[in-house]
There are 2 protein chains.
Amino acid sequence: MSSQQEDLTTTREIILETALKLFSKKGYLGTTTREIAKKAGTAEVTIFRHFTSKEKLFEEVINKHSFLPALQGLLPEVAEMPYTEALTVIAKRFLDTLTIRKDIIKIMHSEIQRYPEKIHKIYHAFIDEIFKTLASYFTTMQKKGILRELHSEVAARAFLGMIFSYFDAEEFLIRKKYRIDNSDTIIKEFVDIFASGTIKQ
Amino acid sequence: MSSQQEDLTTTREIILETALKLFSKKGYLGTTTREIAKKAGTAEVTIFRHFTSKEKLFEEVINKHSFLPALQGLLPEVAEMPYTEALTVIAKRFLDTLTIRKDIIKIMHSEIQRYPEKIHKIYHAFIDEIFKTLASYFTTMQKKGILRELHSEVAARAFLGMIFSYFDAEEFLIRKKYRIDNSDTIIKEFVDIFASGTIKQ
DNA sequence: TATGAATGTAAGTGCTTGCTTACATATCTG
DNA sequence: CAGATATGTAAGCAAGCACTTACATTCATA
């Protein structure tokens with residue numbers, strides 16, 4: 001569960017990372033350029049010299065952190081594993097990705113409707129890719145006779161939905177002290193339910 | 001899927017409902033008091049006469065829509081049904097509750113940083129009731145020998161998580177034209193997966 | 001009919017915010 | 001060393017914002 005490493009060498013990168021954190025924490029409107037500058041240890045005017053406007057800075061933050069290949073590379077890796085084990089790996093990888101990228105996910109999840117089409121599309125592409133990747137894994141497993149007949153894309157939504165809701169609640173809503181269990185235990189139970197709910201026989 | 005009816009008789013109520021919609025759509029900071037006034041068909045000063053400040057108006061909006069029980073009373077109704085049917089009823093009721101209250105849910109989701117204490121409290125009151133109701137149903141079903149052994153609270157999170165994520169994507173993210181299927185079909189698949197994943201044998 | 005409560009109109013105040021301008025300083029490079 | 005490049009300091013502008021004040025109007029009811 002390591003956090004994302006960024007090269008914080010140039011002023012530009014420092015500003016981008018600082019902006020990411022602040023936009024995530026306080027929202028776009030709740031963050032001022034003075035605040036970003038102060039926390040980044042630069043002069044406010046430097047931000048405008050690099051990014052022209054707050055709006056464009058925001059776009060660059062989004063562009064820099066929009067990420068696609070979240071699950072894609074994982075498919076070949078898990079294709080030969082036993083079903084339950086594969087699901088566990090997928091679940092953990094997905095949860096890890098969410099956790100590492102939680103800042104950008106928070107921005108997109110809570111402000112998406114208030115921003116231009118461009119950002120909408122990035123988020124859309126991300127979600128679509130993940131659903132379809134997992135759905136295609138399920139289809140493969142059906143052909144192998146391991147999974148029963150089901151709508152594989154709906155199944156993908158079910159599986160990822162459990163995990164996303166769990167992530168969402170843990171990261172943003174629930175106070176730590178109220179946690180039921182650690183994430184491995186919970187993932188194991190989720191996978192058990194889902195696996196025996198989708199397996200043939 | 002009817003939307004929540006409010007008495008829009010008094011000026012006060014009209015302002016509260018207008019503010020709810022706008023805060024939900026544009027966020028607290030993205031909504032101006034002028035805008036609320038205009039859309040509510042009143043003078044801006046009327047808002048301040050009623051609510052003193054924008055901040056207090058926001059609080060009243062939250063207070064007014066603090067959740068009432070969502071699943072309560074459903075247990076006895078469902079206790080004697082076949083398992084799958086019971087899950088379907090629960091899922092639909094839950095999805096209905098979310099849909100009816102989508103505005104306030106959206107506000108709580110995006111403004112949680114602004115009001116950590118209050119929103120946490122309301123959120124917990126809402127979620128706890130649902131989790132516990134469902135968990136206690138699962139426990140009962142285990143005792144009856146219908147369900148296998150599992151952590152009933154985690155199972156409740158799995159089930160509600162699928163539905164919540166589905167709701168979240170449908171309401172806030174996915175453009176209508178891209179929908180896979182209608183909600184009844186999806187709920188049926190969710191219930192199938194979950195039921196066969198939790199049933200004994 | 002007279003009074004008071006609710007609402008409207010209009011003007012304005014003080015603050016914050018994104019962004020600009022002008023000028024100074026440091027550092028690197030040819 | 002000379003010039004270019006990146007950054008800092010400081011002041012300030014124009015707009016938008018929440019909120020206020022003063023006064024007028026409507027309307028129910030005592």
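Within every chain, numbering begins at 1; the chains are lettered A, B, ... in the order of the sequence lines, protein sequences first and strands thereafter. Quick note: numbers below take in every heavy atom, side chains included, and nothing from hydrogens, waters or symmetry partners.
- Counting heavy atoms of neighbouring residues, nucleotides and ligands inside a 6.0 Å radius, atom NZ of A:Lys144 exceeds 12 of them.
- Taking side-chain N and O atoms only, A:Thr46 has a distance below 4.0 Å to OP1 or OP2 of D:dG8.
- In this structure, the CG atom of B:Leu29 is 12 Å from the C1' atom of C:dT16, given to the nearest Å.
- Considering only the side chain of A:Val45, D:dT9 comes nearest among C:dC19, D:dC19, D:dT9.
- Of the inter-residue distances, the one linking B:Lys188 atom NZ with B:Lys92 atom NZ reads 10.5 Å to the nearest 0.5 angstrom.
- Note on B:Glu55: nothing from the nucleic acid sits closer than 4.0 angstrom, heavy atoms only.
- Note: CZ (B:Phe48) to C1' (C:dT7) measures 15 Å, nearest angstrom.
- Rounded to a whole Å, the CD atom of A:Glu13 is 12 Å from the P atom of D:dT7.
- When the nearest nucleotides of DNA chain C are assigned to B:Arg34 and B:Thr11 by heavy-atom distance, the more 5′-ward of the two goes with B:Thr11.
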In sequence, state the C-alpha distance, the side-chain angles, and the governing distance for B:Asp103 and B:His65, and then conclude on side chain to side chain donor-acceptor pair (under 3.5 Å). CA-CA 10 Å; B:Asp103 289 324; B:His65 292 89; over 6 Å; no

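- Within the 4.0 angstrom heavy-atom criterion, no nucleotide atom of any strand lies near B:Gly30.
- Mapping A:Thr31 and A:Arg49 onto DNA chain C by nearest heavy atom places A:Thr31 at the nucleotide closer to the 5' end.
- Within a 6.0 Å sphere centred on NZ of B:Lys106, heavy atoms belonging to other residues, nucleotides or ligands number more than 12.
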